[in-house]
Amino acid sequence: EVNGKKIIEILIGRLSDNKNKYPIILATTTDKSDDVLEKVAKKFNIVCYRGHKLNVKGRVLAAAKKNKVDHIIKIWGDSPLIDYKIINKALKKYLIKMPDVLTTNKIQRLPEGMDFHIYSTKSLEKSLKLSKKPEDYEHVDQVFFKYPKKFKIIEFIPPKKFFYPDATLLVDEYNDYLFIKKLLKKALNVKKNFKISCEEIIKILKKNPELLQINSKVIRTKKK
């Protein structure tokens with residue numbers, strides 16, 4: 001928790017602020033340990049789909065089909081500070097170009113943890129048929145980039161003010177959690193439902209570069 005809110009609640013709350021009001025689906029597993037996530041979904045009045053633990057791709061696809069979703073904006077659960085304004089900019093490009101896949105991290109420009117992918121349910125279904133190895137099922141988007149000639153893939157390049165690849169806003173490890181806690185304490189509007197933009201986050205980090213040392217990529221690499 002950060003300031004009394006679970007990390008997943010911060011993420012859902014930030015996405016719920018989107019004026020476009022796209023439906024949010026939390027796709028989790030049938031494991032009893034994930035009952036808590038279903039409770040969070042109910043709290044926010046969003047759909048919770050529960051499926052296979054290891055076949056994450058099949059789970060996401062099933063969640064989309066059951067809820068009659070034609071296009072998916074796939075966001076990782078470990079990215080609590082995702083900025084929906086960046087998503088909206090990318091979505092406009094996606095809807096004009098209509099590729100199989102739009103990616104934000106072919107080259108890392110955004111802070112890690114601000115990335116996402118957009119693709120059609122049909123494209124995901126096609127990638128499922130091409131999946132062969134366990135990792136193809138575990139990593140939802142991997143097959144798209146494994147067989148680039150079979151999919152039309154475009155890259156979304158955000159405005160330069162959002163370029164800050166040195167920062168890791170993911171919450172994968174304990175140091176990431178400590179970093180997020182300290183970052184949000186620095187934010188003047190942290191008490192307003194964590195409504196802080198990517199641009200504001202970057203400004204805070206540039207003024208307080210010592211924060212980046214808490215979960216620097218060097219430390220993460222050494223751990224792994």
Side-chain angles (χ1 to χ4, degrees), residues 7-8 11-12 14-15 18 22-29 34 37 47-84 86-158 162 165 168-172 176 198 217 220 224:
I7 292 290
I8 191 70
L11 170 57
I12 296 170
R14 287 171 63 82
L15 293 175
N18 194 333
Y22 303 120
I24 300 170
I25 300 172
L26 195 161
T28 188
T29 80
D34 285 330
L37 292 176
V47 174
C48 180
Y49 178 86
R50 304 188 70 166
H52 200 280
K53 183 177 181 178
L54 299 179
N55 185 0
V56 187
K57 182 182 292 182
R59 186 202 316 162
V60 172
L61 182 60
K65 283 187 168 183
K66 184 176 180 180
N67 292 281
K68 298 181 180 179
V69 171
D70 294 321
H71 300 275
I72 300 166
I73 303 170
K74 207 294 289 292
I75 297 164
W76 291 267
D78 58 5
S79 304
L81 299 182
I82 196 92
D83 192 332
Y84 72 80
I86 299 176
I87 295 173
N88 287 347
K89 289 179 184 293
L91 185 58
K92 285 180 181 178
K93 181 174 182 178
Y94 174 83
L95 293 174
I96 292 170
K97 300 287 186 179
M98 290 304 289
D100 293 315
V101 184
L102 178 145
T103 179
T104 61
N105 59 352
K106 187 176 181 181
I107 296 175
Q108 192 69 45
R109 295 182 176 90
L110 292 166
E112 282 193 82
M114 285 288 174
D115 294 304
F116 53 90
H117 294 140
I118 308 176
Y119 39 77
S120 68
T121 302
K122 287 183 179 179
S123 296
L124 187 60
E125 191 167 24
K126 180 180 175 181
S127 80
L128 184 63
K129 292 176 182 177
L130 292 168
S131 301
K132 297 174 183 178
K133 298 181 178 180
E135 58 265 29
D136 294 339
Y137 296 95
E138 180 185 356
H139 303 288
V140 182
D141 314 313
Q142 182 167 285
V143 168
F144 291 136
F145 307 104
K146 197 173 181 179
Y147 301 103
K149 291 183 180 180
K150 294 183 182 292
F151 298 95
K152 181 184 175 183
I153 302 172
I154 65 170
E155 183 181 13
F156 171 70
I157 301 175
F162 297 116
T168 299
L169 306 178
L170 297 169
V171 183
D172 285 332
D176 299 331
C198 179
K217 292 178 183 178
R220 291 164 67 88
K224 290 174 183 178

Exercise for the section: State whether the side chain of D176 and the backbone N or O of V171 hold a donor-acceptor pair below 3.5 Å, judged by distance alone. Expected result: no
Practice task
Report yes or no: does Q108 contribute a side-chain atom to a donor-acceptor pair with the main-chain N or O of L110 at less than 3.5 Å?
Solution key: yes
Completion exercise
Heavy atoms of K89 and F156 approach each other most closely as CB-CZ, 3.7 Å
Problem - From NZ (K106) to CD1 (I157), nearest 0.5 Å - result: 9.5 Å
Exercise for the section: Could you check I72 against S120 for side-chain contact (heavy atoms from CB on, under 4.5 Å), going step by step and ending with a plain yes or no? Expected result: CA-CA 6 Å; I72 300 166; S120 68; over 6 Å; no
Handout entry: Nearest heavy-atom neighbours spanning G113 and I82
Key = O-CD1, 3.9 Å
Problem - Euclidean distance, L130 CG relative to F144 CZ, rounded to 0.5 Å - result: 9.5 Å
Exercise for the section: Would you give the length of the straight line joining atom CD1 of I73 to atom CG of N88, rounded to the nearest 0.5 angstrom? Expected result: 7.5 Å
Problem - Whether D136 side chain and K133 backbone form a donor-acceptor pair below 3.5 Å - result: yes
Handout entry: Non-hydrogen atoms of T28 and C48 that approach each other most closely
Key = CG2-SG, 3.9 Å
Exercise for the section: Please answer whether the main-chain N or O of R50 pairs with a side-chain N or O of R59 as donor and acceptor at a distance below 3.5 Å. Expected result: no
Completion exercise
For L128 and G58, the nearest pair of non-hydrogen atoms, with its separation, is CD1-N, 4.4 Å
Practice task
With side-chain contact (heavy atoms from CB on, under 4.5 Å) as the test, would you mind laying out the steps for L91 and Y22 before giving the verdict?
Solution key: CA-CA 12 Å; L91 185 58; Y22 303 120; 3.2 Å; yes
Practice task
Mark yes or no for whether Y137, through its side chain, and S131, through its backbone, hold a donor-acceptor pair below 3.5 Å.
Solution key: yes
Exercise for the section: Quick one: pull up CD1 in I7 and OG in S79 and give me the separation to the nearest 0.5 Å. Expected result: 11.0 Å
Problem - Nearest atoms (heavy-atom pairs only) where W76 meets D141 - result: CZ2-OD2, 3.6 Å
Handout entry: Y94 side chain to H71 side chain, donor-acceptor N/O pair below 3.5 angstrom
Key = yes
Handout entry: Stacked cation flag K126 on F151, 6.0 angstrom / 45 deg
Key = yes
Practice task
Keeping the roles fixed (side chain from T121, backbone from V69), state whether a donor-acceptor pair exists under 3.5 Å.
Solution key: yes
Exercise for the section: Measure the spacing between CG of D34 and CG of L26 and express it to the nearest 0.5 Å. Expected result: 9.0 Å
Handout entry: Stepwise side-chain contact (heavy atoms from CB on, under 4.5 Å) check, N55 with K57
Key = CA-CA 5 Å; N55 185 0; K57 182 182 292 182; 4.0 Å; yes
Practice task
Anything under 30° is parallel, anything over 60° is perpendicular, the rest tilted; go ahead and classify F145 against H117.
Solution key: tilted
Practice task
Could you tell me whether a side-chain N or O of R109 sits under 3.5 Å from a main-chain N or O of P158, the two making a donor and an acceptor?
Solution key: no
Handout entry: CA sep, side-chain torsions, deciding dist, call: L81, M114, side-chain contact (heavy atoms from CB on, under 4.5 Å)
Key = CA-CA 7 Å; L81 299 182; M114 285 288 174; 4.2 Å; yes
Handout entry: Distance (rounded to the nearest 0.5 Å) between L102 CG and K74 NZ
Key = 13.0 Å
Fill in the blank from the handout: Minimal heavy-atom distance between K97 and I154, with the atoms involved, is CB-CD1, 3.8 Å
Exercise for the section: Please tell me if the side chains of P134 and L54 come closer than 4.5 Å, counting only heavy atoms from C-beta onward. Expected result: no
Practice task
Taking atom NZ of K146 as the centre, report whether more than 12 heavy atoms of other residues, nucleotides or ligands fall under 6.0 Å from it.
Solution key: yes
Exercise for the section: Please answer whether the main-chain N or O of S127 pairs with a side-chain N or O of K150 as donor and acceptor at a distance below 3.5 Å. Expected result: no
Handout entry: Heavy-atom donor-acceptor pair, T104 side chain to D115 backbone, under 3.5 Å
Key = no
